Amino acid sequence: MHDELSFFEKVYAVVREIPSGRITTYGAIARYLAASKSARMVGWAMNNAHDCKEYVPAHRVVNRQGLLTGKVHFGSSDAMQMLLEKEGVRIEKDRVLDFAKLFWDPAIELKL
DNA sequence: CGATTGACGTACG
DNA sequence: TCGTACGCCAATC
């Protein structure tokens, strides 16, 4: 057993803290967890997120360019975009508009 | 058990 | 601006 939350579980915890209509990046989460070198692991965590018992709003996590790179993992190609647009996030060509404006950095918003 | 892959990001030319 | 190379590390082949 792990005394502390595993890396994946930490990622899930952060992602769940993302407010509706806001977004963040894999790198930002990785950096917040002091694992900036493992941004890829955040992606893997999201892939594993389906295993997670609780819901993980993975659609609010995009890459550094604001691209919905993970949309293909939502079953439908437009599912991720639809979820975001439903929260008021404008998207064009799989890219989040006002990305910098909607960016939710855990290192700042969630800093302790 | 070694090689490949991947929902990333930075560095370099 | 664009393409290529590399690091990172778990999971998969």
Side-chain angles (χ1 to χ4, degrees):
Chain A
M1 284 293 288
H2 302 284
D3 294 291
E4 299 179 354
L5 294 173
S6 67
F7 180 76
F8 285 14
E9 289 172 333
K10 288 179 183 175
V11 173
Y12 302 150
V14 173
V15 175
R16 291 197 198 96
E17 292 301 316
I18 302 173
S20 178
R22 301 295 293 280
I23 55 176
T24 191
T25 68
Y26 304 96
I29 294 171
R31 192 157 88 146
Y32 174 70
L33 297 177
S36 58
K37 305 160 198 174
S38 303
R40 280 184 150 170
M41 296 300 93
V42 177
W44 263 120
M46 292 296 100
N47 192 13
N48 257 345
H50 293 286
D51 255 357
C52 193
K53 195 166 185 290
E54 295 188 43
Y55 175 66
V56 178
H59 60 279
R60 295 175 189 157
V61 184
V62 297
N63 73 350
R64 187 72 178 110
Q65 305 171 46
L67 293 172
L68 280 57
T69 50
K71 67 173 187 173
V72 296
H73 293 271
F74 280 77
S76 299
S77 300
D78 297 333
M80 186 175 184
Q81 177 173 341
M82 193 173 71
L83 285 168
L84 288 169
E85 290 182 331
K86 188 177 180 182
E87 296 180 354
V89 178
R90 295 186 301 166
I91 298 175
E92 184 177 309
K93 295 173 186 160
D94 297 336
R95 190 168 68 94
V96 176
L97 300 180
D98 296 330
F99 170 71
K101 184 177 173 185
L102 297 174
F103 180 56
W104 182 88
D105 188 348
I108 297 175
E109 309 290 345
L110 202 61
K111 78 180 176 186
L112 301 173

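All figures in this text were calculated on a predicted structure; none of them were measured in a lab. Numbers restart at 1 for each chain; the letters A, B, ... are given by sequence-line order, proteins then strands.
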Open item on the list: Rounded to whole Å, please give me the gap between CH2 in Trp44(A) and P in dC8(B).
Closed with: 11 Å
TODO: Over all heavy atoms of both residues, which pair between Met46(A) and Ala58(A) is shortest? Give the atoms and the distance, please.
DONE: SD-CB, 3.7 Å
Task: Euclidean distance, atom CG of residue Leu33(A) to atom P of dC8(B) [Å, nearest integer] - done: 17 Å
Task: For atom NE2 of His73(A) and atom C1' of dG6(B), their distance in whole Å - done: 8 Å
Task: Any N/O donor-acceptor pair, Arg40(A) side-chain to dG9(B) base, under 3.5 Å - done: no
- [ ] Grab the CG-C1' distance between Leu67(A) and dA7(B) for me, whole Å please.
- [x] 12 Å
- [ ] Check every strand shown and say whether Asn63(A) touches a base, only sugar-phosphate, or nothing at a heavy-atom separation below 4.0 Å.
- [x] sugar-phosphate
Open item on the list: Closer than 3.5 angstrom, by distance alone: can the side chain of Arg22(A) be matched with the main-chain N or O of Phe103(A) as a donor-acceptor pair?
Closed with: yes
Task: Separation of dG9(B) C1' from Tyr32(A) OH (nearest whole Å) - done: 21 Å
TODO: Report yes if at least one side-chain N or O of Ser38(A) is closer than 4.0 Å to OP1 or OP2 of dG7(C); otherwise report no.
DONE: no
TODO: Keeping the roles fixed (side chain from Glu9(A), backbone from Ser6(A)), state whether a donor-acceptor pair exists under 3.5 Å.
DONE: yes
TODO: Could you state the atom-to-atom distance from CZ of Phe99(A) to P of dC8(B) in whole Å?
DONE: 13 Å
TODO: Could you tell me whether His59(A) contacts a base, only the sugar-phosphate backbone, or nothing, with contacts defined as non-hydrogen atoms closer than 4.0 Å?
DONE: nothing
TODO: Could you state the atom-to-atom distance from CD of Gln81(A) to C1' of dA7(B) in whole Å?
DONE: 16 Å
- [ ] Pick base, sugar-phosphate or nothing for Ala45(A), based on heavy-atom distances below 4.0 Å to the nucleic acid.
- [x] nothing
TODO: Mind calculating the distance between CE (Met41(A)) and P (dC9(C)) to the nearest angstrom?
DONE: 8 Å
- [ ] Could you tell me whether the side chain of Arg60(A) reaches within less than 4.5 Å of the side chain of Trp104(A), counting heavy atoms only?
- [x] no
Task: Donor-acceptor contact below 3.5 Å, side chain Asp98(A) vs main chain Leu102(A) - done: no
Task: Selection from dG9(B), dA11(C), dA7(B) that lies nearest to any side-chain heavy atom of Phe74(A) - done: dA7(B)
Task: Nearest-Å distance once atom P is located in both dA5(C) and dT4(B) - done: 15 Å
